[in-house]
Amino acid sequence: MNRILLASAFLLAGLSTLCAAETPLPAAAAPLMKSPAVKLVEPHLHIARSNLAGHARIALTFDACMGQADERILSTLVRERIPATIFVTARWLKRNPAALAVFLQNPDLFELENHGENHIPAVDTPTLVYGIASAGSPQAVRQEVEGGAAAMLASGIPAPHWFRGSTAKYDLSAIGEIRAMGYRIAGYSVNGDGGSLLGAAITEKRIASAKDGDVVISHINQPTHAAGEGVAKALVDLKAKGTEFVRLDDVEDMGDDKTTE
């Protein structure tokens, strides 16, 4: 699907988390001309606050959808020893063995979690989300989740405990299905880079404004996008402010829409 049209769709939506510009529309979904009326939710997630003045606690989460690793972000995380939770797809893992090796060599920094097999929205009813065809059935949602986990295990990654679907949108029944599979579902509270489509300055400002207890979502798979520069700068900004960085499994969390109960 045309990258420019998809980018426009993201910006019009005003809230984009999904690096969907690289997600093809499955052939089976091609006849869908418009989205049926399906109630979708985009869950929020917060972590336990530090409640220490000048020492905000935040969780950095990054989606690795497709494409290549953004070395600007990855090198900053490693150099500054900043922990983060990375959500990887099976498709990204195939293309980025060197970055995966860095993740695995730094288990004190990186928690690797499940972003699905093919970067398909985890919605069990046929619809379009930002122009991307949803999984469309409970069986397809299960395949997206299980396929992502299988690829992680095959790559030497420990079994995942968290799942975040493409677009970060779900219907409530799919949330129940994924939770029944034993996963917590990772929402967020700060959209750092607008699906990697924002400029460097606004991305830096968004992430650097994170407050105690926030969960930040950004992308680590778009090395040619300006947003990555802003992400890297914001990480340094936050560290200089005395921020405590944690991974999702390090602290208690609170997600709405029954995503973590």
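Treat the numbers as computed from the prediction; the structure is a model and nothing was measured.
- The main-chain N or O of H119 is found under 3.5 Å from a side-chain atom of E144 such that the two form a donor-acceptor pair.
- A heavy-atom distance below 4.5 Å is not found between the side chains of P158 and L112.
- Taking NZ of K169 as the reference point, atom CD1 of I175 lies at 11.5 Å (rounded to 0.5 Å).
- Side-chain atoms of D214 never come within 3.5 Å of backbone atoms of V216 as a donor-acceptor pair (strictly under, hydrogens ignored).
- In plain terms, the two heavy atoms of I220 and A64 that are nearest each other are CG2-CB, 3.9 Å.
- When every heavy atom of S189 is checked against every heavy atom of H46, the shortest pair comes out as CB-NE2, 3.4 Å.
- Of all non-hydrogen atoms in L45 and A186, the two that sit nearest each other are CD2-CA, 4.2 Å.
- In this structure, H44 and Y188 have tilted ring planes: the angle between them lies in the 30° to 60° band.
- Applying the ring pair (Phe, Tyr, Trp, His ring centres under 6.0 Å) criterion to F87, with sequence neighbours excluded, gives no partner residue.
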After noting the C-alpha distance and the side-chain angles of S166 and I120, does the key distance pass the side-chain contact (heavy atoms from CB on, under 4.5 Å) rule? CA-CA 5 Å; S166 166; I120 296 171; 5.6 Å; no
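- S196 places no side-chain N or O within 3.5 Å of a backbone atom of H219 that could act as its donor or acceptor partner.
- In this structure L153 satisfies the side-chain contact (heavy atoms from CB on, under 4.5 Å) test together with A159, sequence neighbours excluded.
- With contacts defined as side-chain heavy-atom distances shorter than 4.5 Å, the pair L100/L93 qualifies.
- By the 4.5 Å heavy-atom criterion applied to side chains, I47 and V246 are counted as neighbours.
- Side chain of E113 to main chain of H161: a donor-acceptor pair is present (N/O by atom type, distance under 3.5 Å, no hydrogens or angles).
- In this structure, the side chains of L198 and R206 come closer than 4.5 Å at one or more pairs of heavy atoms.
- Taking D250 as the reference, R247 meet the salt bridge (charged side-chain N to carboxylate O under 4.0 Å, His left out) condition, with sequence neighbours excluded.
- Remark: R142 pairs with E146, M181 by the side-chain contact (heavy atoms from CB on, under 4.5 Å) rule, at least two apart or across chains.
- Side-chain heavy-atom separations under 4.5 angstrom define the hydrophobic clusters, and M254 shares its cluster with no other residue.
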For a quick test of your reading: what N or O donor-acceptor pairs under 3.5 Å do the side chains of residues 232-240 make, sequence neighbours left out?
from: K233; atom 1: NZ; to: E229; atom 2: OE2; distance (Å): 3.1
from: K239; atom 1: NZ; to: E80; atom 2: O; distance (Å): 2.8
from: K239; atom 1: NZ; to: E80; atom 2: OE1; distance (Å): 3.0

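- Taken from CG in D70 to NE2 in H225, the straight-line distance is 9.5 Å, to the nearest 0.5 Å.
- Here the straight-line distance linking atom CD1 of I217 with atom CG of D193 works out to 7.5 Å at 0.5 Å rounding.
- Side-chain atoms of T89 come within 3.5 Å of backbone atoms of C65 as a donor-acceptor pair (strictly under, hydrogens ignored).
- Listed by chain and residue number, D124, D171 satisfy the side chain to side chain donor-acceptor pair (under 3.5 Å) test with S173 (two or more places apart in sequence, or in another chain).
- Using modelled atom types, one side-chain atom of N191 and one backbone atom of G194 make a donor-acceptor pair closer than 3.5 Å.
- Follow the hydrophobic side-chain contacts under 4.5 Å out from V215 and you never reach I73; the two are in separate clusters.
- Of the residues V141, L40, I185, the one that meets the side-chain contact (heavy atoms from CB on, under 4.5 Å) test with Y170 is I185.
- Evaluation of the side-chain contact (heavy atoms from CB on, under 4.5 Å) rule for A101 yields Q105 as partners, not counting sequence neighbours.
- No continuous path of hydrophobic side-chain contacts links V231 to L197 [ILVMFWY only; heavy atoms under 4.5 Å].
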Checking M152 against V88 for the side-chain contact (heavy atoms from CB on, under 4.5 Å) test, could you report, in this order, the C-alpha distance in whole Å, the side-chain angles of both residues, the deciding distance, and whether it holds? CA-CA 8 Å; M152 294 177 70; V88 297; 4.0 Å; yes
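- A donor-acceptor pair under 3.5 Å links the side-chain atoms of E111 to the main chain of L248, judged by distance alone.
- In this structure, Y183 and P160 have side chains that are in contact, with non-hydrogen atoms separated by less than 4.5 Å.
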Salt bridge (Lys or Arg N to Asp or Glu O under 4.0 Å) between R184 and D253, worked out: CA-CA 10 Å; R184 289 171 171 256; D253 53 75; 2.5 Å; yes
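- The heavy-atom pair separating A90 from G147 by the smallest distance is CB-O, 4.4 Å.
- Between P126 and G136 the shortest heavy-atom distance is CD-O, 3.3 Å.
- Judged by distance alone, the side chain of T167 and the main-chain N or O of P121 form no donor-acceptor pair under 3.5 Å.
- Residues meeting the side chain to side chain donor-acceptor pair (under 3.5 Å) test with N51, sequence neighbours left out: none.
- With sequence neighbours excluded, the residues satisfying side chain to side chain donor-acceptor pair (under 3.5 Å) with T61 are R164.
- Checking side-chain atoms of S134 against main-chain N and O of T127 turns up a donor-acceptor pair under 3.5 Å.
- For A122 against I178, the heavy-atom pair with the smallest separation is CB-CD1, 3.9 Å.
- Using a 4.5 Å cut-off between side-chain heavy atoms of Ile, Leu, Val, Met, Phe, Trp and Tyr, with links allowed through other members, L172 and V129 fall into different hydrophobic clusters.
- Partners of R49 by side chain to side chain donor-acceptor pair (under 3.5 Å), not counting sequence neighbours: none found.
- Side-chain contact between I207 and E204: absent, with no pair of heavy atoms (C-beta onward) separated by less than 4.5 Å.
- Between L77 and F62 the shortest side-chain heavy-atom distance falls below 4.5 Å.
- In terms of hydrophobic clustering, with Ile, Leu, Val, Met, Phe, Trp and Tyr side chains grouped at heavy-atom distances under 4.5 Å, V251 and L109 are assigned to different clusters.
- W162 is listed as a side-chain neighbour of D249, based on a closest heavy-atom distance under 4.5 Å.
- Judged by distance alone, with hydrogens and angles left aside, the side-chain atoms of N114 form a donor-acceptor pair with the main-chain N or O of G116 at under 3.5 Å.
- Separation of atoms NE2 (H115) and CZ (R91) is listed at 10.5 Å; rounding is to 0.5 Å.
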Going through the distances and angles, do V102 and N106 end up as a side-chain contact (heavy atoms from CB on, under 4.5 Å)? CA-CA 6 Å; V102 173; N106 292 274; 3.9 Å; yes
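- Connection of F163 to M66 is not established within any shared hydrophobic cluster, with ILVMFWY side chains joined at heavy-atom distances below 4.5 Å, either directly or through further cluster members.
- For the side-chain contact (heavy atoms from CB on, under 4.5 Å) test, residues two or more places apart in sequence or in another chain that qualify with A99 are A69, L74, W92, N96.
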